[in-house]
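To keep things clear, I will list the structure first and then write my remarks on it.
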2 protein chains.
Amino acid sequence: MAPPKSRVTIKDVAVAAGVSPTTVSDIVNAKGRVDPETRARVLKVVADLGWRPLRSARGLRTGRRGIIALCLPRRPRSGDSWVLTSDYDMRLTIGAVSAAMDQGQLLLMAPTPANDEDVARLEVDGVVLVDPEEGDLSRIALRRNGMPVVTVDRELGSDDPWWVGVDNKAAVSNMLDHLREQGARRVAMLTADSPWAWFEDTQAAYASWCARHGFEKLTALVERANPESTAAAASTVMLSSDAPPDAVITDVYGAALGVLRAARDLRLRIPQDLMIGSAVDGHVLETASPPITALDLQPMDVARAAVLLLERRINGDDNPAPIIVGEGYLRIRTSTQRRDGR
Amino acid sequence: MAPPKSRVTIKDVAVAAGVSPTTVSDIVNAKGRVDPETRARVLKVVADLGWRPLRSARGLRTGRRGIIALCLPRRPRSGDSWVLTSDYDMRLTIGAVSAAMDQGQLLLMAPTPANDEDVARLEVDGVVLVDPEEGDLSRIALRRNGMPVVTVDRELGSDDPWWVGVDNKAAVSNMLDHLREQGARRVAMLTADSPWAWFEDTQAAYASWCARHGFEKLTALVERANPESTAAAASTVMLSSDAPPDAVITDVYGAALGVLRAARDLRLRIPQDLMIGSAVDGHVLETASPPITALDLQPMDVARAAVLLLERRINGDDNPAPIIVGEGYLRIRTSTQRRDGR
DNA sequence: TTGAAAGCGTTACCAA
DNA sequence: TTGGTAACGCTTTCAA
C-alpha cells in the first residue's frame with residue numbers, strides 16, 4: 001500500500017480523469033475551452049475525490065489572495081477601536097461575509113488603515129470602505145498603494161463612481177410623507193454636523209420636502225458621540241417652545257431614544273401628541289416603548305452589492321457606476337401610527 | 001532601464017544583502033542559525049526594501065494559511081445568522097483581531113461550521129469557537145477534520161483542556177458579596193435553562209453562595225430569545241409576592257432591563273427598594289437609568305488568550321491547560337450603590 | 001554559519 | 001480541444 005496522500009491535488013484529479021492538469025484547471029475556472037463530455041467527466045472526478053483548489057497555490061500563481069477586507073469606520077461610541085456598535089454595521093458585516101463566500105472569497109474585518117504600512121499589512125485584494133468621510137485619509141492611502149476600493153455610500157466632495165448605497169433622499173422623503181399622512185403638520189429634524197454624504201443627503205431631503213409642502217424647517221443639532229442625551233436636551237427645548245413640533249425625525253443613530261425620553265418627561269403621548277421617526281433602524285428602536293418607526297437602510301443588500309462591485313473592480317472592469325440598491329424600507333411602528341393601520 | 005519589478009521578493013533582499021535567500025528566510029523566521037552581524041545587515045535591507053514575505057508562497061511551502069477563524073455562536077436575537085448582537089461578542093471580536101494581527105495572522109469571522117463541507121470550505125489553520133454548547137456539533141465536525149480548535153469558555157460535559165475563560169463562579173460570587181455589603185438580604189436570580197457552561201457555573205455559584213451565607217435561594221427562568229419581556233414578567237411575580245427580594249441578579253444578557261422595567265412599574269426605587277445586577281455587561285446597562293451594575297467578563301483579554309493558545313495548538317504544543325484569564329471586573333453603578341461610595 | 005537546489009499546487013503560455 | 005513546461009515566492013533539505 002502506498003502511503004496515504006495528505007491532500008488531493010489537481011494532479012490526482014487529472015490522472016484519475018485521464019486528462020492534464022491544465023484541462024482540470026481550465027474547467028474549474030470556467031475558461032470555456034473544453035469539450036462538454038470531458039468537462040462532465042472531470043467534474044465527476046473532482047466531486048468524487050473531494051478536491052478543492054488550494055488557495056495559496058492559486059494565489060501564488062495568479063497574484064490574488066482571495067481575501068477582501070471590510071473596513072468599518074470608527075463610530076463615535078466605539079471607543080478604543082473600530083467596532084460594530086450599531087445594528088447597521090452588524091448587518092453590513094453579515095451581508096459582506098455571505099456575499100464574499102458566495103464569490104469564493106474570504107472576508108477579513110479590519111480597522112480602517114491609517115497609512116501605507118497599514119495598507120501593506122492588510123494583504124488583501126481589495127477593500128470595502130464604509131462611510132468614507134470627506135477627504136478620507138485611509139482612502140488616500142489605499143489609492144496611493146493601488147488597492148482597489150469600493151465605498152459604501154459616496155464620499156462627500158469626491159466624484160469617484162465606485163460606490164454603493166441606497167437613495168438616502170428618497171428614503172427620508174418617504175418617511176416625511178408618511179408622517180404627513182399620519183397628520184403631522186410641524187416636523188422637526190435632529191441632525192448632526194459631520195462631513196458625510198449621509199448627513200448632507202438627509203438634510204437636503206428634509207429641506208426640499210419642507211419647501212415642497214410649505215412646512216417650516218425646524219432643525220437642531222445633536223452630538224454624534226452623545227446622541228441620546230444631546231437629543232433629549234434639544235428636544236426638550238423644542239417641545240417646550242411656543243410652537244412645538246408635532247413630529248420629530250432624526251438621522252443620528254441613538255438620538256431617537258433621547259427624543260423619546262424628553263417627550264416622556266414632558267408627559268407627551270406618543271404618537272398622539274408627538275410622532276418620532278429615526279432614519280437609521282436598530283434593535284433598540286424595535287424594543288423601545290413605544291416601538292419607534294425607522295428606516296431600514298438595507299445594509300445587507302448594500303454590503304452584497306459592494307462586494308460584487310469590488311470583485312468587478314479587482315478584475316479590471318473599467319465601466320464603473322454607482323449602484324443604488326433601493327430606497328430603504330420604512331418600518332412603521334407605533335411611534336407614528338396615529339391613525340388606525342390599514 | 002529595467003522594467004519595474006512588481007513586487008520585492010526574498011531574492012531581491014538576498015542579492016542586495018549579499019547572502020542567499022535561505023539566509024534571509026532563516027533570519028525572518030528566527031531559525032537562529034545566523035551570525036548576528038549578517039542578521040543585522042539583512043534586516044536593514046529588509047526594512048529598506050520594505051519586503052514582506054508573501055503569505056501564499058509561504059503557505060504553499062509550509063502548508064499553513066496564516067488565517068484563523070473566529071466562530072461566534074448563533075445568539076438568540078441574531079435571527080437569520082450568526083451575528084454580533086452583544087457588546088460581549090463585539091469586544092471579543094476586537095480582541096481576537098488585534099491578537100491575530102500581532103501574531104502575523106489574519107482573523108476571519110465565520111459562521112460556525114455545521115458539517116464537514118463547511119469545515120473544508122473554511123480553509124483556515126485553526127478555529128476559536130465561542131461558547132460551545134454541550135455536545136456541540138460544529139466542534140465534532142471540526143475535530144473529525146483535524147482542525148485545531150480552542151474554545152472560549154469550556155464545553156459542558158467535555159474534558160477538552162483547550163479552552164480559555166474567566167472564573168465565572170468567582171465573578172458571580174464577587175457580585176453577590178457586593179450586594180450583601182450594600183445591604184441585600186434576599187437576592188433572587190434570573191437565569192436560563194441552556195446547555196452552556198456559563199449557566200451551570202453561575203447557577204452553581206449562586207447556590208453555594210446562598211448556602212454559605214444562609215440566604216434563601218430564589219430563582220426564576222427567562223427565555224434567552226426574549227430576555228427583556230420574560231424577565232419583566234418573572235420579576236413582576238417575584239416582586240409582588242409576600243416576601244419579595246431586595247436584589248435581583250441575572251446571567252442572561254438583556255434581562256436586567258426587564259427587571260428594571262418591572263421595578264419601575266411597581267414604583268420601586270432603585271437601589272433603595274431593589275438592587276439590580278447583571279452578570280454580563282453591555283452598553284445598554286451603562287446608559288440605563290439608573291445605570292446597572294454589571295460584570296465585565298473581560299472579553300478582549302479572553303479573546304487574546306484564546307488566539308495565543310490556538311497558535312500554540314496549531315504549532316503542535318501538546319501541553320494544554322485551560323487558561324483562566326481573571327475573575328472579571330465588577331462595574332459598580334448606581335443600581336447597587338445603596339450606601340455612599342467609599 | 002551559509003548556500004544550492006528541489007519542490008509546494010496551481011495557472012499561463014505556447015505548441016500540438 | 002488539449003497538453004507540456006515553466007514559473008509564481010518561499011522554505012526545506014542536504015551538502016559545503
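Proteins get letters first, then strands, A, B, ... in listed order; numbering begins at 1 in each.
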### Message
Taking atom CZ as the centre, does B:Arg39 end up with more than 12 heavy-atom neighbours from other residues, nucleotides or ligands that are less than 6.0 angstrom away?
### Response
no

Do [X] and [Y] have side-chain N/O donor and acceptor atoms under 3.5 Å apart?
X: B:Arg121; Y: B:Asn115; result: no
X: B:Arg58; Y: B:Asn29; result: yes
X: B:Asp136; Y: B:Ser138; result: yes
X: B:Ser56; Y: A:Arg65; result: no

What integer distance in Å separates [X]:[atom1] from [N]:[atom2]?
X: A:Arg55; N: D:dC10; atom1: CZ; atom2: P; answer: 20 Å
X: B:Arg58; N: C:dT10; atom1: CZ; atom2: C1'; answer: 20 Å
X: A:Lys11; N: C:dT11; atom1: NZ; atom2: C1'; answer: 14 Å
X: B:Arg65; N: C:dT10; atom1: CZ; atom2: P; answer: 11 Å
X: A:Ile10; N: D:dA7; atom1: CD1; atom2: P; answer: 19 Å
X: B:Asn29; N: D:dC10; atom1: CG; atom2: P; answer: 11 Å
X: B:Leu54; N: C:dG9; atom1: CG; atom2: P; answer: 17 Å

### Query
Think A:Lys31 has a side-chain N or O under 4.0 angstrom from the OP1 or OP2 of C:dT11?
no

### Query
Taking all non-hydrogen atoms of both residues, which atom of A:Trp51 and which atom of A:Val24 are closest, and how far apart?
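So the two residues come closest at CZ3-CG1, 4.1 Å.
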
### Query
How does protein contact run along nucleotides 2-8 of chain C, one letter per nucleotide 5' to 3', with B for base contact, S for sugar-phosphate only, - for none, heavy atoms under 4.0 Å?
BBBBBBB

#### Entry: Touch class at under 4.0 angstrom, heavy-atom based, for A:Arg64 against every strand present
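If one applies the 4.0 Å heavy-atom cut-off, A:Arg64 turns out to touch nothing in the nucleic acid.
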
